[in-house]
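First up is the structure itself, then whatever we jot down about it.
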Amino acid sequence: MADIPESFMQPLEDQPNLSVDVEFDAKEIPVFDISSIDVNLISEIREACKIWGFFQVINHGVDKNLRQKLETVAHNFFQEPLEQKKLIKRDELNPTGFHDSEHTQNVRDWKEVFICFTQDPTEVSASHLLEEVGIRNLSNRWPQHPSSFRETCEEYGKAVSALALRLLHMISLSLGLPAERLDDYFQNQGSYLLVNNYPTCPNPKLTLGVGPHKDPNAFTILAQDEVGGLEVKRKSDGSWIPVKPIPEAFIINIGDCMQVLLVTYYRLTYDFNVSIVFIFLNLCF
């Protein structure tokens, strides 16, 4: 096995066990057909939020051809020379663009990232300090190649944003609230599209594409390809459960912000459910 920089090496307890085949648990995270909404679906989403903090959705309305188009242009972008990608490298003032040194739990992830806001420009706080007030506008950074990259990302962002609003309505109904009760809280939100590329690793026993973590946002809409590699941690016994790839499905991860709200309405103890994403296979767009 080839040596890799120490900054990429996971702690021993988090290193993937590649000596065993992945087996999908009989009690996988729920899968919901959301082509239509009824009382039973809302009840099942409520239970999934309480017990898992994750679920998958199918027949969600996002065109599969658009998703495939995004995968194609993303692959072409990540195949560009590193010098070209770094022309739009993100910095301390603007988090959009290319990045290849992201860390999770102080360990560097074995991946490359492109990030853009779904609303361009987007208003953000002028400072991370609570005592400082004001806002500033941030605009996305875009590569020159592929030529259709920007258009495809913007189209995909709009489609998934529409899905996010539908999901927000379903979660609101699961709380016993009117469907649009939470809409006002997300009028000026900073949703973003994150495209990850996991290059082949010369020593995959020591690294992770993304280490164990919680998502701090309201919820994440995740597209997993056919290779798979996503695991979630089941609260009941602490087991890591592989998420079986389903063609065209999206995985929904209830983030910390939404969990605070769910705790209030579901009357749960705060640590009843912890949403953690664990990606350990080296996926390639």
Side-chain angles (χ1 to χ4, degrees), residues 5 7-8 62 66-129 134-161 163-164 186 188-201 207-211 213-225 250 253 255 277 279 282-285:
S7 61
F8 287 102
V62 177
L66 177 58
R67 177 165 160 177
Q68 291 170 353
K69 184 179 179 181
L70 177 64
E71 291 179 359
T72 298
V73 296
H75 170 80
N76 293 338
F77 168 72
F78 286 118
Q79 292 300 307
E80 290 284 313
L82 183 60
E83 294 75 14
Q84 288 296 316
K85 290 181 285 190
K86 284 188 173 181
L87 292 176
I88 57 165
K89 187 173 177 61
R90 79 181 191 187
D91 55 37
E92 293 180 356
L93 296 178
N94 190 335
T96 69
F98 173 77
H99 191 51
D100 62 350
S101 57
E102 191 157 281
H103 289 66
T104 303
Q105 303 291 343
N106 297 318
V107 180
R108 188 173 174 183
D109 298 330
W110 193 272
K111 69 174 182 179
E112 298 177 318
V113 176
F114 175 83
I115 183 172
C116 63
F117 291 112
T118 57
Q119 296 180 0
D120 190 13
T122 288
E123 292 184 349
V124 300
S125 298
S127 172
H128 66 281
L129 300 175
I135 60 172
R136 58 192 175 102
N137 289 323
L138 292 179
S139 295
N140 291 326
R141 293 188 175 101
W142 298 104
Q144 292 185 347
H145 303 286
S147 58
S148 60
F149 187 77
R150 175 175 181 171
E151 178 185 358
T152 303
C153 287
E154 290 179 338
E155 185 179 0
Y156 184 84
K158 289 179 181 178
V160 178
S161 293
L163 171 60
F186 294 89
N188 295 313
Q189 40 77 25
S191 294
Y192 54 87
L193 171 64
L194 187 69
V195 185
N196 292 327
N197 177 53
Y198 303 93
T200 300
C201 179
T207 65
L208 292 171
V210 182
H213 67 281
K214 296 185 290 180
D215 284 1
N217 52 359
F219 54 82
T220 300
I221 301 175
L222 175 65
Q224 180 178 218
D225 66 12
F250 284 112
N253 174 15
V277 175
I279 301 177
N282 295 307
L283 314 185
C284 296
F285 268 112

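Considering only residues two or more places apart in sequence or on other chains, Thr152 meets the side-chain hydrogen bond (donor to acceptor under 3.5 Å, both in side chains) condition with none of them. Taking Glu102 as the reference, Arg90, His99, Asp109, Lys111, Val113 meet the side chain to side chain contact (heavy atoms under 4.5 Å, CB included) condition, with sequence neighbours excluded.
The distance from the CD1 atom of Ile221 to the OG atom of Ser161 is 7.5 Å, given to the nearest 0.5 Å. If you take CG on Leu194 and OG1 on Thr96, they are separated by 12.0 Å, rounding to the nearest 0.5 Å. Rounding to the nearest 0.5 angstrom, the gap separating the CZ atom in Phe117 from the CZ atom in Arg141 is 10.5 Å. One distance of note links CD1 of Ile88 with CZ of Phe98; it measures 8.5 Å at 0.5 Å rounding.
For the pair Trp142/Cys116, a side-chain contact is recorded, criterion being any heavy-atom separation below 4.5 Å from C-beta on. Contact check for Asn106 versus His103: no side-chain heavy atoms found under the 4.5 Å cut-off. No side-chain heavy atom of Phe149 sits less than 4.5 Å from a side-chain heavy atom of Asn76. The shortest side-chain heavy-atom distance between Tyr192 and Asn140 does not fall under the 4.5 Å cut-off. Counting heavy atoms from C-beta outward, Thr118 and Lys158 have side chains that stay 4.5 Å or more apart. Contact check for Arg67 versus Phe250: side-chain heavy atoms found under the 4.5 Å cut-off.
Between the Arg150 side chain and the Gln144 main chain, no donor and acceptor come within less than 3.5 Å of each other. Asp215 places no side-chain N or O within donor-acceptor distance of the main-chain N or O of Asn217, the cut-off being under 3.5 Å.
Below 30°, between 30° and 60°, or above 60°: for Phe77 and Phe114 the angle between ring planes is above 60°, a perpendicular geometry.
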